[in-house]
There are 4 protein chains.
Amino acid sequence: MPLRKLPDEARRSERARRAILTAARDLTLDQGYARLTIEGIAAAAGVGKQTIYRWWPSKGAIVFDAFLALSQDAAGNLELPDTGDIEADLRTVLRETILELLDPRHDAAFRALASEIQTDRKLADNLVQALLGPQMEATKRRLQSAQRAGQLARSLDLQLATELFYGPIFHRWLLRTAPLDPTLADALVPLVLRALRPKSAKSPPDPRERDGTR
Amino acid sequence: MPLRKLPDEARRSERARRAILTAARDLTLDQGYARLTIEGIAAAAGVGKQTIYRWWPSKGAIVFDAFLALSQDAAGNLELPDTGDIEADLRTVLRETILELLDPRHDAAFRALASEIQTDRKLADNLVQALLGPQMEATKRRLQSAQRAGQLARSLDLQLATELFYGPIFHRWLLRTAPLDPTLADALVPLVLRALRPKSAKSPPDPRERDGTR
Amino acid sequence: MPLRKLPDEARRSERARRAILTAARDLTLDQGYARLTIEGIAAAAGVGKQTIYRWWPSKGAIVFDAFLALSQDAAGNLELPDTGDIEADLRTVLRETILELLDPRHDAAFRALASEIQTDRKLADNLVQALLGPQMEATKRRLQSAQRAGQLARSLDLQLATELFYGPIFHRWLLRTAPLDPTLADALVPLVLRALRPKSAKSPPDPRERDGTR
Amino acid sequence: MPLRKLPDEARRSERARRAILTAARDLTLDQGYARLTIEGIAAAAGVGKQTIYRWWPSKGAIVFDAFLALSQDAAGNLELPDTGDIEADLRTVLRETILELLDPRHDAAFRALASEIQTDRKLADNLVQALLGPQMEATKRRLQSAQRAGQLARSLDLQLATELFYGPIFHRWLLRTAPLDPTLADALVPLVLRALRPKSAKSPPDPRERDGTR
DNA sequence: CGATAATCGAGACGGTACGTCAGGTCTTGGC
DNA sequence: GCCAAGACCTGACGTACCGTCTCGATTATCG
């Protein structure tokens with residue numbers, strides 16, 4: 001579901017579309033989103049400016065499409081691993097998320113989008129719908145599965161629970177209050193899980209809390 | 001510690017400085033940061049552009065200074081309330097934080113800054129140092145006080161604990177994954193506190209958990 | 001042969017070109033070349049600055065084009081009158097030249113150009129090629145015709161002879177060593193012609209010298 | 001008679017004055033008058049801008065003063081050589097004049113002044129009064145001396161006669177209609193003198209015209 | 001199959017803002 | 001008390017891009 005205007009897509013030049021997205025991605029990566037210009041993209045893509053304006057409403061929308069490809073399969077039918085060990089599974093996923101944010105290719109693009117959505121509501125909706133939402137939904141599903149397995153409290157607000165995992169990560173990354181690195185996942189997951197476990201004193205699901213180590 | 005270039009500050013015109021910051025704030029509020037221009041500020045402030053360029057390196061830096069005044073007393077010797085009830089105190093503070101983010105005056109400015117720091121590292125450092133840092137430090141101090149009162153686990157990573165509170169709030173606000181409203185604080189605080197309490201099952205310090213849950 | 005940069009002239013907007021030249025001429029005439037600005041021209045012409053910079057390299061080049069129209073027909077296939085009376089013909093032409101220099105419309109423009117060519121070699125070449133050169137060439141042709149009629153010495157350096165006529169006029173006009181007025185032509189022409197006549201003492205071609213002086 | 005404003009010159013700093021004129025001359029010579037700025041002069045002279053504005057009304061006036069020194073002795077009590085041979089004397093002087101115009105040091109300054117006087121009437125008057133006038137007056141005196149010796153016609157308009165010599169030279173130099181070089185003097189002087197000699201058929205003063213060769 | 005209409009590249013156009021330069025005036029602090 | 005230093009407001013510079021708008025020259029269905 002790329003950000004496209006409506007007109008008859010049949011006539012659209014696939015060559016041009018690809019050239020534009022490729023140029024947008026390359027230019028963003030090697031000079032940063034701030035220096036990215038429509039004219040620059042057009043020139044690099046060997047395309048008229050009008051061709052860009054015909055199909056995309058804004059610079060942000062192009063970048064969105066340009067980088068969507070990188071994560072798009074993930075976005076489609078995303079599912080978290082389910083080994084039965086909720087802590088391990090979350091750690092795996094969050095480490096991956098962090099590594100993705102640290103990868104310069106994604107870093108540039110995601111920061112650009114994070115920046116743009118402060119202004120562009122439509123883009124924000126698209127970003128949530130295509131990337132952030134699916135990821136969070138998948139996480140919720142995994143939490144729900146753990147919940148059904150009695151590992152998490154029954155009364156959990158899954159949305160909020162999910163944000164407990166992603167919030168601190170994006171907080172560091174977006175606001176730069178502290179350096180982000182994958183070990184954050186290792187500290188974060190067990191800590192948050194303490195809040196999510198069933199309230200019963202016996203708390204059998206968590207092996208560690210019971211006997212101290214594991 | 002505003003963002004300034006080199007020239008002799010002794011000769012600086014206080015009149016011009018104030019006019020610029022006022023104009024920048026007013027313009028940001030009624031047309032948004034995206035439409036804010038240096039020329040517009042200069043015109044509105046009755047000031048030459050050069051006077052702006054002489055003292056500020058970027059549009060973001062001006063807005064930073066312009067809005068710093070709004071929160072700057074808070075930033076200086078910020079301290080969280082300490083009624084002995086950590087949950088109530090945190091709820092109070094986080095509600096205030098959320099309300100501030102929802103206040104259009106701050107919303108415009110903070111989004112602008114959040115957007116700019118994705119690109120401008122220097123500005124990011126200043127933002128953390130002048131606003132975000134002090135707020136988080138104060139929060140850490142309050143958590144530490146609760147820790148000393150035996151209400152929180154002794155082994156806590158206070159930095160991470162703090163991020164557990166602020167992360168989800170900023171996550172919603174910046175990434176727009178869900179609407180932000182003050183009731184988030186009410187759900188968030190008790191949930192996170194479950195993760196932070198001492199590991200002893202009886203957890204006597206928290207009156208609510210003792211007789212409320214079990 | 002106006003002064004143009006490289007871009008594809010086929011796409012050039014005739015409307016814009018005309019508006020620019022008209023604005024340049026009008027502004028020069030009513031505020032003087034010194035106060036003329038590119039921005040002023042663009043504004044008066046209802047044109048983007050870039051459109052000016054796209055087609056002209058300098059303010060001088062615009063004024064050159066703007067005023068070329070005034071004299072351009074003359075420049076094309078200029079020919080001096082040839083009544084057979086070289087003295088009368090030159091007097092006619094030089095009076096006209098002087099009157100043109102005194103006409104405020106031309107005065108402003110020509111002084112501007114005279115000023116600019118001290119710095120701008122390219123403009124100087126264009127000025128000579130389009131205006132001064134043709135005028136002098138036509139004068140040379142008329143002198144040559146008189147030469148063939150035996151009214152002037154056979155061995156004349158026509159270039160130098162021509163400069164004998166124009167030099168003193170421009171000297172007064174440019175350096176302001178003395179006020180310029182059309183009667184200068186009446187004194188100048190017969191005096192210079194004395195230098196140009198055939199060396200034979202009897203000098204029959206000049207009716208006046210024959211029966212007037214002696 | 002340099003171009004100064006009126007205020008009490010007693011307080012004037014001679015050091016500053018000299019530094020300013022020297023800086024103006026140096027800067028003009030090595031970057032051209034067009035790039036010369038008041039700020040540049042002030043900086044190079046180690047002087048406040050106000051000190052310049054206090055004593056000179058315009059950039060042209062500074063350059064005028066700065067270069068006046070070069071020719072000022074000449075301007076004061078200028079006298080042409082008088083060997084009795086008017087042709088030789090004029091040739092000598094005009095060659096010198098041409099060489100001076102070709103000397104880069106003077107070329108830069110004189111072109112600057114020639115350019116400025118198109119706009120600045122006051123400067124024009126000063127230039128004529130201090131440099132061009134004296135030179136022409138001296139030339140007139142020499143012509144008058146030749147006249148008294150019977151070498152030139154009695155009825156001559158000396159002003160016009162003088163312009164016959166200088167006009168062509170400055171015409172080439174200012175309007176760049178032809179390259180200027182010292183041999184111009186050799187061709188110019190005898191030709192113009194033909195126009196100035198007494199009208200008597202015997203014309204004894206000119207040896208050459210009489211016997212054909214010399 | 002050839003017409004015919006939308007799309008394509010190219011880039012000129014009217015604009016807005018940029019960041020810089022210099023002008024001429026005004027203020028300050030040190031000598 | 002003068003003067004270097006330089007901040008100030010002003011105005012113009014020349015450049016970069018914006019988003020819109022022609023231009024032919026391909027396409028690529030559809031009559």
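The chains referred to below are lettered A, B, ... by the order of the sequence lines, with proteins before strands, and numbering in each begins at 1.
Phosphate proximity of F:dC21 to C:R11: absent, as no side-chain N or O sits under 4.0 Å from OP1 or OP2. The phosphate of E:dG9 (OP1 or OP2) has a side-chain N or O of A:R15 nearer than 4.0 angstrom. Phosphate proximity of F:dG14 to C:W56: absent, as no side-chain N or O sits under 4.0 Å from OP1 or OP2.
For the pair B:Y53 OH and E:dA22 P, the interatomic distance rounds to 17 Å; values are reported in whole Å. Taking atom CD of C:E39 as the reference point, atom C1' of E:dG14 lies 14 Å away to the nearest angstrom. Between the CG atom of D:L36 and the P atom of E:dC21 there is a distance of 16 Å, given to the nearest Å. The distance from atom CZ of B:R17 to atom P of F:dC9 is 14 Å, rounded to the nearest whole Å. Atom CD of D:Q31 is separated from atom C1' of E:dA22 by 13 Å (rounded to the nearest Å). For the pair D:R54 CZ and E:dC26 C1', the computed distance is 12 Å after rounding to whole Å. Atom pair C:W55:CH2 and E:dG11:P shows a separation of 11 Å (rounding to whole Å applied). Regarding A:I41, its CD1 atom lies at a distance of 13 Å from the C1' atom of F:dC18, rounded to whole Å.
Within the 4.5 Å cutoff, the side chain of B:H106 has no heavy atoms near those of the B:F67 side chain. Side-chain contact between B:I62 and B:W55 is absent, with no heavy-atom pair separated by less than 4.5 Å.
If you check F:dA4, E:dG14, F:dC8 against the side chain of B:S13, the one that comes closest is F:dC8. When distances are taken from the side chain of C:I38 to each of F:dC13, E:dG14, E:dA22, the shortest belongs to F:dC13.
Taking the nucleotide of DNA chain F with the nearest heavy atom to each of D:K49 and A:Q50, the more 5' of the two is matched to D:K49. Along DNA chain F, the nucleotide closest to B:A45 and the one closest to C:R35 are compared, and the more 5′ of them pairs with B:A45. Comparing B:K59 and C:T51, the nucleotide of DNA chain E nearest to each residue sits closer to the 5' end for C:T51.
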side-chain contact (heavy atoms from CB on, under 4.5 Å) evaluation trace for C:I20 with C:W56: CA-CA 11 Å; C:I20 289 164; C:W56 287 275; 3.7 Å; yes

Steps toward side-chain contact (heavy atoms from CB on, under 4.5 Å) verdict (C:Y33, C:E116): CA-CA 10 Å; C:Y33 179 75; C:E116 286 292 288; 3.0 Å; yes

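When heavy atoms are screened at a 4.0 angstrom cut-off, B:G46 is found touching the sugar-phosphate backbone but no base atom.
From D:T119, atom OG1 reaches atom CZ of C:R35 across 9.5 Å, with rounding to the nearest 0.5 Å.
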